[in-house]
Amino acid sequence: MVKFENTNPADFHGVWVFCEQRGGEVNPTAYELLSEGRKLADDLGVELCGLLLGDNVKDLAPAFGGYGADRVLVCEDPLLKEYTTDAYAKVLCDMVMEHKPEVVLIGATNIGRDLGPRCAARLHTGLTADCTHLDVDVEKYKDFLKTTSTMDVDKMQWDMSDKGLKMTRPAFGGHLMATIICPRFRPQMSTVRPGVMQCAPFDQAKADACKVELCPVTLSESDLKTKVLEVVKEAKSAVDLIGAEVVVCVGFGISKDVKTGIELAQQLADALGGVVGASRAVVDAGWLDASHQVGQTGKTVRPKIYIALGISGAIQHKSGMQDSECIIAVNQNGDAPIFEIANYGIVGDLFKIVPEMIEQLKK
């Protein structure tokens with residue numbers, strides 16, 4: 001591997017987003033990261049660049065411009081057709097060493113969680129995993145802290161010229177939020193949780209103006225320690241919490257009759273054309289599997305309607321659903337924190353209230 005000097009931040013410029021695709025289909029997280037990357041690039045006054053790896057994938061590139069990319073670098077090779085850690089890590093690292101971006105964002109998907117750490121280790125830089133918030137502008141970061149922390153932000157000393165990436169993620173099992181910086185090395189790398197960043201509307205004019213560049217790839221069979229012989233897709237029933245317009249979420253309040261509580265939530269979700277979610281307490285108890293979990297340690301959702309049944313509203317849960325368009329909470333405790341962010345609150349027994357809601361919906 002060539003010698004890579006990465007201790008002088010002045011040598012690095014630009015924000016990069018790894019645009020993940022599988023079998024020619026773009027992972028929606030790429031659009032979310034491009035939208036967020038656009039904000040960071042504007043605050044830094046630099047270019048936003050998408051990085052696309054694969055085989056015969058060039059036609060996917062212009063769409064990234066519609067979500068904010070100024071330029072898309074496309075690396076095509078038959079050895080990149082199926083994802084392998086060795087091939088993708090080598091090409092991504094080669095590109096970073098050549099172009100020297102100051103920020104690299106990767107989706108915290110199955111691929112991203114594998115690829116990000118490998119690249120960070122090769123580049124001898126830091127990686128903040130599973131981020132839920134990003135800032136480079138100090139004023140914007142202070143505003144974020146004022147709404148999400150108990151710190152007296154105005155009394156703290158700040159370096160207003162600091163343009164380093166401030167990467168915020170859940171810590172200690174979601175009980176705390178930690179902001180991590182990488183001041184000594186570049187690039188500053190982060191994997192970002194899917195569904196956390198707001199996807200900007202597609203702009204056709206920006207897509208038409210986006211520059212697409214095919215980049216040469218230096219990759220051979222000897223660089224790969226593994227080879228994909230066959231891809232077998234398994235049909236599996238999955239809960240699409242992130243894409244759902246209605247989420248009915250159950251909490252520990254269903255504990256007195258778990259089976260009935262889940263059945264009522266499913267009936268209500270079916271009546272509204274939605275899906276069933278769960279708090280961490282429900283998942284930890286084994287009442288629903290982890291694919292249903294909403295919150296810092298689960299999925300972040302932004303449905304049109306979010307119904308919280310028997311959920312007290314711990315900060316870890318609220319951070320994963322508080323941006324929903326309409327929040328309806330049902331809880332026996334009138335002082336439950338969930339009511340602080342609810343548009344509509346019903347104080348009472350969910351086992352009596354939900355059947356009535358279902359009945360009214362049927363009418």
Side-chain angles (χ1 to χ4, degrees), residues 108-110 112-114 129-130 132 169-178 191 193-196 233-303 305-322 324 327-333 335-339 341-342 346-355 357-358:
T109 60
N110 291 336
R113 294 184 185 199
D114 176 69
D130 221 23
T132 57
R169 57 148 295 159
F172 293 100
H175 292 283
L176 292 176
M177 296 299 287
T191 58
R193 184 180 299 182
V196 169
K233 295 184 178 181
E234 179 183 4
K236 182 179 180 181
S237 178
V239 182
D240 184 15
L241 286 173
I242 295 176
E245 293 190 348
V246 178
V247 176
V248 179
C249 199
V250 291
F252 204 72
I254 66 170
S255 59
K256 72 176 184 181
D257 190 345
V258 174
K259 183 179 179 181
T260 300
I262 293 174
E263 288 176 352
L264 287 173
Q266 187 63 63
Q267 291 174 24
L268 183 58
D270 290 343
L272 292 166
V275 298
V276 174
S279 69
R280 178 173 178 172
V282 170
V283 173
D284 286 348
W287 300 337
L288 285 171
D289 65 61
S291 65
H292 293 266
Q293 187 173 334
V294 174
Q296 283 179 1
T297 50
K299 293 184 175 69
T300 300
V301 298
R302 287 189 178 90
I305 300 174
Y306 187 89
I307 303 177
L309 304 178
I311 294 175
S312 62
I315 188 171
Q316 297 93 335
H317 185 81
K318 288 196 291 186
S319 68
M321 46 67 71
Q322 60 189 358
S324 303
I327 300 171
I328 303 169
V330 180
N331 200 293
Q332 283 188 313
N333 179 10
D335 296 324
I338 192 69
F339 289 123
I341 61 170
I346 305 173
V347 179
D349 186 348
L350 70 90
F351 290 95
K352 296 179 180 178
I353 293 169
V354 176
M357 294 173 70
I358 294 170

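Keep in mind that what you see is a predicted model, and the values were worked out from it rather than measured.
The side chain to side chain donor-acceptor pair (under 3.5 Å) check on D270 picks up Q266, with sequence neighbours excluded. With sequence neighbours left out, R169 forms a salt bridge (charged side-chain N to carboxylate O under 4.0 Å, His left out) with no residue at all. Residues that satisfy the side chain to side chain donor-acceptor pair (under 3.5 Å) test with H292, not counting sequence neighbours, are absent from this structure. Under the ring pair (Phe, Tyr, Trp, His ring centres under 6.0 Å) criterion, F351 pairs with no residue, sequence neighbours left out. The side chain to side chain donor-acceptor pair (under 3.5 Å) check on T260 picks up D257, with sequence neighbours excluded. Looking at residues two or more places apart in sequence or on another chain, you find no side chain to side chain donor-acceptor pair (under 3.5 Å) involving N110.
Separating the CZ atom in R193 from the NZ atom in K299 is a distance of 10.0 Å, to the nearest 0.5 Å. The CD1 atom of I311 sits 6.0 Å away from the CD1 atom of I338 when rounded to the nearest 0.5 Å. From I307, atom CD1 reaches atom CG of L350 across 12.0 Å, with rounding to the nearest 0.5 Å. The structure places CD1 of I328 at 12.0 Å from CD1 of I353, a figure rounded to the nearest 0.5 Å. A distance of 7.0 Å separates CG in N331 from OG in S312, rounded to the nearest 0.5 Å. Residue I341 holds its CD1 atom at 5.5 Å from CD of Q322, rounded to the nearest 0.5 Å.
For T191 (side chain) and D130 (main-chain N/O), a donor-acceptor pair under 3.5 Å exists by modelled atom type. With hydrogens and angles disregarded, no donor-acceptor distance shorter than 3.5 Å links the side chain of S324 to the backbone of I327. Between the R302 side chain and the V196 main chain, a donor and an acceptor come within less than 3.5 Å of each other.
No more than 12 heavy atoms of other residues, nucleotides or ligands lie within 6.0 Å of CD in E245, so this atom counts as exposed by the packing criterion.
For the side-chain contact (heavy atoms from CB on, under 4.5 Å) with L288, the qualifying choice from I262, I254, V258 is I262, the only one to do so.
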